[in-house]
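Data first, discussion second: the structure below is written as structure tokens.
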Amino acid sequence: VQLQASGGGLVQAGDSLRLSCAASGRASNNYFMGWFRQAPGKEREFVASIHWIGGSTTYADSVRGRFIMSRDNARNTVYLQMNGLKPEDTAVYYCAAHGLGTVFAVSSYDYWGQGTLVTVSS
């Protein structure tokens, strides 16, 4: 499984961005996809997850109501629509394919994309 994330960039506070993550192949135990982010000097943190089949989503409290995760099964692609961006959203964003365990934990994900940088200026 290879994941290719794209869509990051430099925006101003209040702007929107949409991140994409294209997956080539899917492991048999991969039912969820997740987005994580890592700000400089901080640990990687959960942002959102989605179930490939049912489409159910889960969000971190810090982004709920502003970010929307979606998927296109035909394209094997997941998206993260980020609205109302804040400077504290600045981070490298990673998509990941879940394997086993809670969707909130980094250790539950077996495959990771290369990351895409989102910078939000005030």
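When reading the values below, keep in mind they use all heavy atoms of this one structure, side chains included, and skip hydrogens, waters and symmetry mates.
Grouping the Ile, Leu, Val, Met, Phe, Trp and Tyr side chains by contacts below 4.5 angstrom, directly or via other members, places Ile50 with Trp35. By the criterion of side-chain heavy atoms lying less than 4.5 angstrom apart, applied directly or through intervening Ile, Leu, Val, Met, Phe, Trp or Tyr residues, Met33 is not grouped with Val103; the two fall into different hydrophobic clusters.
A ring-ring contact (aromatic ring centres under 6.0 Å, His included) check over residues 49-80, counting only residues at least two apart or in different chains, returns the pairs Phe32-His51.
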Let me have the donor-acceptor pairs involving side chains of residues 9-21, under 3.5 Å, with sequence neighbours excluded, atom names and distances please.
| residue | atom | partner | partner atom | Å |
| --- | --- | --- | --- | --- |
| Asp15 | OD2 | Gln12 | N | 3.1 |
| Ser16 | OG | Asn83 | OD1 | 3.0 |

Taking only distance into account, with no hydrogens and no angle test, what donor-acceptor pairs under 3.5 Å do side-chain atoms of residues 39-48 form with protein atoms, sequence neighbours excluded?
| residue | atom | partner | partner atom | Å |
| --- | --- | --- | --- | --- |
| Arg44 | NE | Gln38 | OE1 | 3.3 |
| Arg44 | NH2 | Gln38 | OE1 | 3.4 |
| Glu45 | OE2 | Arg37 | NE | 2.6 |
| Glu45 | OE2 | Arg37 | NH2 | 3.2 |

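Summarising the geometry, atom CD belonging to Glu88 is positioned 10.0 Å from atom OG belonging to Ser122; distances are rounded to the nearest 0.5 Å.
Distance alone, capped at 3.5 Å, is enough to place a donor-acceptor pair between the Thr77 side chain and the Arg75 backbone. The backbone N or O of Val120 lies less than 3.5 Å from a partner atom in the side chain of Thr90, making a donor-acceptor pair. Distance alone, capped at 3.5 Å, places no donor-acceptor pair between the Arg64 side chain and the Thr58 backbone. Within the 3.5 Å criterion, the main-chain N or O of Gln2 finds a donor-acceptor partner in the side chain of Ser24.
Leu100 is linked by a side chain to side chain contact (heavy atoms under 4.5 Å, CB included) to nothing, counting only residues two or more places apart in sequence or in another chain. Shown here are the side chain to side chain contact (heavy atoms under 4.5 Å, CB included) partners of Ala96, two or more places apart in sequence or in another chain: Tyr109, Trp112. Shown here are the side-chain hydrogen bond (donor to acceptor under 3.5 Å, both in side chains) partners of Gln114, two or more places apart in sequence or in another chain: there are none.
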Side chain to side chain contact (heavy atoms under 4.5 Å, CB included) assessment of Met82 paired with Val118: CA-CA 10 Å; Met82 304 186 294; Val118 173; 3.8 Å; yes

